[in-house]
Amino acid sequence: MWWTDMLANVATWFVSTEQRVFSIRELSRYDGTDVSGPIYLSILGEVYDVSAGRKNYGPGAEHHALAGRDASAAFITGDLSPSGLISDISQLQDHERYQLLDWRDFYARHRKYRFVGVLRDRFYDWRGRPTGETEYLRELIRLKTGFNV
């Protein structure tokens, strides 16, 4: 509906200009099917522009299923079926969540991929603030490394 898109856009106005907040629907538009547009993927609610890897994430590519969505669980399970392309990581053990954080770090530190915002879903709210699930992951990092994030 037109008004849900409008509300999604209004939400971005109240967020720092450095951090755009995407709706699930909005993110799905960046799946690479528009060959002239960017390709975004989300991991743990963080949205990255992976257009530089179009050969990996574009239509027909090996990892295209990850584009235009948050499929955090699939990074660990390897399940690229529709039921596996989900952001819900509640079924993962803590050691698997650590592995997922390594994948997140891959995108965050990649020299050709860039952070473009957050996804309003499981890990961030409509204002782009971390949810309880993100805070839990931060606590895991703190316990593992001794560093606050």
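What you see below is based on every heavy atom in this structure, not just the backbone, and it leaves out hydrogens, waters and symmetry mates.
The number of heavy atoms from other shown groups lying within 6.0 Å of CD (Gln91) is above 12.
One finds a salt bridge joining Arg138 and Glu135 here, because a Lys/Arg side-chain nitrogen approaches an Asp/Glu carboxylate oxygen to under 4.0 Å.
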I would like to know whether Glu26 and Arg29 meet salt bridge (charged side-chain N to carboxylate O under 4.0 Å, His left out); could you show each step before the answer?
-> CA-CA 6 Å; Glu26 182 182 15; Arg29 295 181 188 138; 5.4 Å; no
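Closest of all the heavy-atom pairs between His64 and Gly58 is CB-O, 3.1 Å. Shortest non-hydrogen contact noted between Ile39 and Tyr57 is CG2-CB, 4.0 Å. Here the closest non-hydrogen pair linking Arg120 and Val21 is CB-CG1, 3.7 Å. Residues Ile86 and Pro82 share a closest heavy-atom pair of CG2-O, 4.5 Å. Scanning all heavy atoms of the two residues, the minimum distance from Gly45 to Asp70 falls at N-OD2, 2.8 Å. Minimum interatomic distance between Ala73 and Gly84 (heavy atoms only, all atoms of both residues): CB-O, 4.3 Å.
Of the candidates Arg20, Arg114, Arg54, Asp49 forms a salt bridge (charged side-chain N to carboxylate O under 4.0 Å, His left out) with just one, namely Arg114. Tested against Arg69 for a side-chain contact (heavy atoms from CB on, under 4.5 Å), the candidates Asp121, Leu85, Leu119 yield a single pass: Leu85. Among Tyr124, Phe123, Tyr107, the one residue that satisfies the side-chain contact (heavy atoms from CB on, under 4.5 Å) test with Glu46 is Tyr124.
Ring orientation note: the planes of His110 and Tyr113 are close to parallel, at an angle under 30° on the 30°/60° scale.
Using a 4.5 Å cut-off on side-chain heavy atoms (C-beta onward), Leu137 and Ile89 make contact.
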